[in-house]
Every structure is written in C-alpha cells, then in structure tokens.
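Chain A is the first sequence line, chain B the second, and so forth, proteins listed ahead of strands; every chain is numbered from 1.
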There are 2 protein chains.
Amino acid sequence: MSTSGKSKPSDNQKDPRYHHGNLRRALVDAALGLMVETGGTSFSLREAARRVGVTVNASYRHFRNKDALMVAIAAEGFRRFSQALMDGAATGSSARDRLLGSGRAYVRFARANPSLFRLMFGSVSAGDAGREDEELVLAGSAALDVLKSGLAAFMNKPPESPAVTVAALRAWALAHGLSYLLLDGQLAHLPLDPDALIDQVISADV
Amino acid sequence: MSTSGKSKPSDNQKDPRYHHGNLRRALVDAALGLMVETGGTSFSLREAARRVGVTVNASYRHFRNKDALMVAIAAEGFRRFSQALMDGAATGSSARDRLLGSGRAYVRFARANPSLFRLMFGSVSAGDAGREDEELVLAGSAALDVLKSGLAAFMNKPPESPAVTVAALRAWALAHGLSYLLLDGQLAHLPLDPDALIDQVISADV
DNA sequence: TCCTTATGTGTACAATGCTCACATTGATCC
DNA sequence: GGATCAATGTGAGCATTGTACACATAAGGA
C-alpha cells in the first residue's frame, strides 16, 4: 500500500506537505488579506509567505518578484470587479436600469475594497510589469467591456461605434472619478448619503 | 570678525554649512525628483537625504516619519495643482470657456505629473497621516474650490447652492476619472488624440 | 559669555526584497 | 520497482531601508 512511514499529504489538515498544492493562489489571498488589514496598497512579501506557512523564497517559484505578485492580485481584483459589474447590471430589467446598476456596482466595489481598487488602478498595474502581463490586461479590458456592452444596449448601437465608445468613456470616467473621490474621503464633508449621491450623479448622465 | 578658521555658510556654493537653510523644502524637492525618475509613487528616504547631502536622520528633525514627508509632497502637489487649474481657467473669456479651461488643465496636470498626481490622491494622503495634516487638507480643498467657483460663475448661482455642489461633483468626478484612465494607459487603444478626447468628454457635460 | 534650542551626525537594529546553493517531492521512463 | 529529472521548497546571506538613541555642532538671546 501507499501508506509509508512518512506523512501523506492528507495525514494532517495543517498542510504539512512539502508541496503546497496551490501556493500561487494562497499567496495572492494572503497578500490581499494583509492589504485589507493594513488599509494601504502595500504589504510584506515575507509576511505573506509566513502566513501561508512557507519560506519567502518559495514565492519566487511562482512570481518573478514582488511586483509580479501585485500584478496577480490586481488581475484577481479585476476579475471580481467584472463580476460585480455584471451582478449590478443583472438587478435591472430595462437597459437603462441595467446600466445604472453597473454604475452603482462600480462605486460600491471601490468603497467595499478600497485597497484592492487602489492597487488595481495603481502605478504597479500601470507600469511595465502590468502592461506586459497578459492576464492583467485581459482582466482589465473585460471590465470595460461590461460597461461598453451595457451602454451599447442602452443606446441601441453597435458596441464599437464611436458614439458608444465616447459615451462609455464618459460613463467610465464618471464612475471612476466618483469612486476615487469617495475613497479619498474628499466628499466626507458633504451631507449626502453616498448611495444617494451615486444615483444623483450617475443618473443625470443617462 | 566673524571669519573664523572654520568655513562660513557662504564660503562654498556646495552647501558645506552645518545648517542647511531649508532642509524641509530640499527634501520635498529631492523626493519629488526621485519619484519622477522612478515613475512610481515610492522613493527612498535615505536616497533623498543623500541627494540633499545630509544624513537620513537629519530629515527626522523636519518630518516625523516617511509618511509625513509624503504628505508634505502631496500638499505641495495640491498647491501646484490649484495654480494649474487657475491658470487653465484664465485662458478663457466666457464663464463656460473658463470652466472648460480648468477641466483641460486638470487632465493635463495629471498627465504631466503622473507620480505626483497618484501620490496626491493615493492611500497615504487618504490615510490617517493625511487626514490629520492641516496643510494637506487645506491645499486639497483649495483645489476643489477653484472648480466650484468656476461652476458657480457659469451657473450664475451661489457656490454653496446644492445645484452647484452636485454639478461640481460631477465635473470633478469626470475630470478625475478621465485623468486616471489616461494615466493607467487604459485608453491607449483608442485612436484618439488625448487633448481632443478631453474636450469631447468634458464639453459634452457643460 | 553662557545657556538653550534647533539642527545635524554616528551607530545600531530589525525588517525587507532578492540571490545563490542545496534539499525534497512527485511524476515519468526503463 | 528503481533511476531520472523538472517542479517546488529550504537555508544562509547580502544590500538597503525606516527608525531610534545618544551625542555634536550651530545660532541666537540673556
């Protein structure tokens, strides 16, 4: 039988096995957790590895360097983001409501995941490391496509038409800017409910 | 006489004097330079001090820690930003043109100073260190006031009226979002001239 | 002139990102 | 089965960083 004297992978729940199984994913999750706890966009590679129960150097088998890990986190963020946008759109029945739903979801996502949102649109993602990462680029453009197709449906025009492109850009910029301003607390002095604010600002546009 | 054997402050142009004169300012400038060279939002406190020709610890006489330096840089950024917005407004004659001028200046500033812009609206400024810094808060709200007063003039209403507040918010969000999208290179695939894009997106709103 | 405060230096420490050499694992081929 | 080998992990070590503490020097008023 295969039950040798040495411990098998399933002998212990505390992951005593040499090979982790999916270190890459575990590191992304751990780093994300650290960011949430800190509130900022930065984290310690060593600390993340420590949490996973692995040496720092093990992470270098899955990521070329720390920036690469951050890019992976950003990509994961964009995937969740796209999903959130689609879920938001699904709440509406008319094309207009679906569009508004995405807009609300956009801002809500930013407010719910400030660190992740900042990382996704931060300098690392925009830098060389991010632009050369196919996974990130793909996940990023997928998010825009959700908005774009929503607008195309609303405007009843092909998604690639110039009118839709510019309109999508406007809508995107609006949601994006509003998200950031809320994150920065720069709207804290306004006596308005954030959710109401979203509707007021966004709905005036469409 | 005051000419002792030791070197006087003015004996040498290379700043041999013990007391630097304005280390605080010099450190801000050096750090800003480093950020520009790196392209990112981060820099090394030690490297900045090195450039100024001073020990790292000297900087702790002027800033409680590195975050404090970053906050000071952000504040300086907001001051330049306000000036840029005012300059942009000054190019127009009508209220509408002045408003558009600010909008263009907003986006142009972001594109011209990506690192600084990111720092200004980054997590450090939004965090505790930033919110508790009077200088930053003041400089930040001054920038918004430029937009607000411009809109108030255009709408011919008092700056504090609800209509102006919401409109300013929309305009701000639009410019802010557009700036970020451009910085992130997320609009690079569009076959549009950025400057034309600005006008197209902004002018449709007012 | 002395004393005080502001400003700077020197030494030191823990933490971090990263590199290189080595160890272990698990699948594949004979 | 056992040998082979790439994938995956460990360990020691290095330069750099942010920060703290004790001390040195400068500048200016009593």
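Rounded to an integer number of Å, the gap from CE of A/M70 to P of C/dG17 is 10 Å. Atom CZ of A/R46 is separated from atom C1' of D/dT16 by 12 Å (rounded to the nearest Å). Atom pair B/L27:CG and D/dG18:C1' shows a separation of 14 Å (rounding to whole Å applied). In this structure, the CG atom of B/N22 is 14 Å from the C1' atom of C/dA6, given to the nearest Å. The OH-P distance, from B/Y60 to C/dT11, rounds to 18 Å in whole Å. As rounded to whole Å, 5 Å separates atom P of D/dG18 from atom CG of B/L45. Atoms CZ (A/R51) and P (C/dT16) sit 12 Å apart, rounded to a whole Å. If you measure from atom CD of B/E47 to atom C1' of D/dA15, you get 14 Å, rounded to the nearest angstrom.
The stretch residues 62-69 of chain B comes close to DNA chain D through B/N65, B/K66, each having a heavy atom under 4.0 Å from the strand.
Without hydrogens or angle criteria, B/S125 side chain to B/L119 main chain gives a donor-acceptor distance under 3.5 Å. A donor-acceptor pair is defined here as one N or O able to donate and one able to accept, closer than 3.5 Å; no such pair exists between the side chain of A/T38 and the backbone of A/G40.
In the set D/dT10, C/dT9, C/dT16, the nucleotide with an atom closest to the side chain of A/R50 is C/dT16. With D/dC21, C/dT19, D/dT17 as the candidates, the nucleotide lying closest to the side chain of B/N57 is D/dC21.
With respect to the salt-bridge test (charged N to carboxylate O, under 4.0 angstrom), the residues A/E132 and A/R64 do not qualify. Under the 4.0 Å criterion applied to side-chain N and carboxylate O atoms, A/R104 and A/D97 are not assigned as salt-bridge partners.
When side chains are defined from C-beta on, B/L85 does not count as touching B/F109, because their heavy atoms never get closer than 4.5 Å.
Each of B/S59 and A/V56 lies near DNA chain C, and the nucleotide nearest B/S59 is the one positioned closer to the 5' end.
A/M86 CE: 12 or fewer foreign heavy atoms inside a 6.0 Å radius.
Listed pair A/S44 / C/dG17 meets the phosphate criterion, a side-chain N or O lying under 4.0 Å from OP1 or OP2.
The ring of B/Y180 has its center no closer than 6.0 angstrom to the ring center of A/F121.
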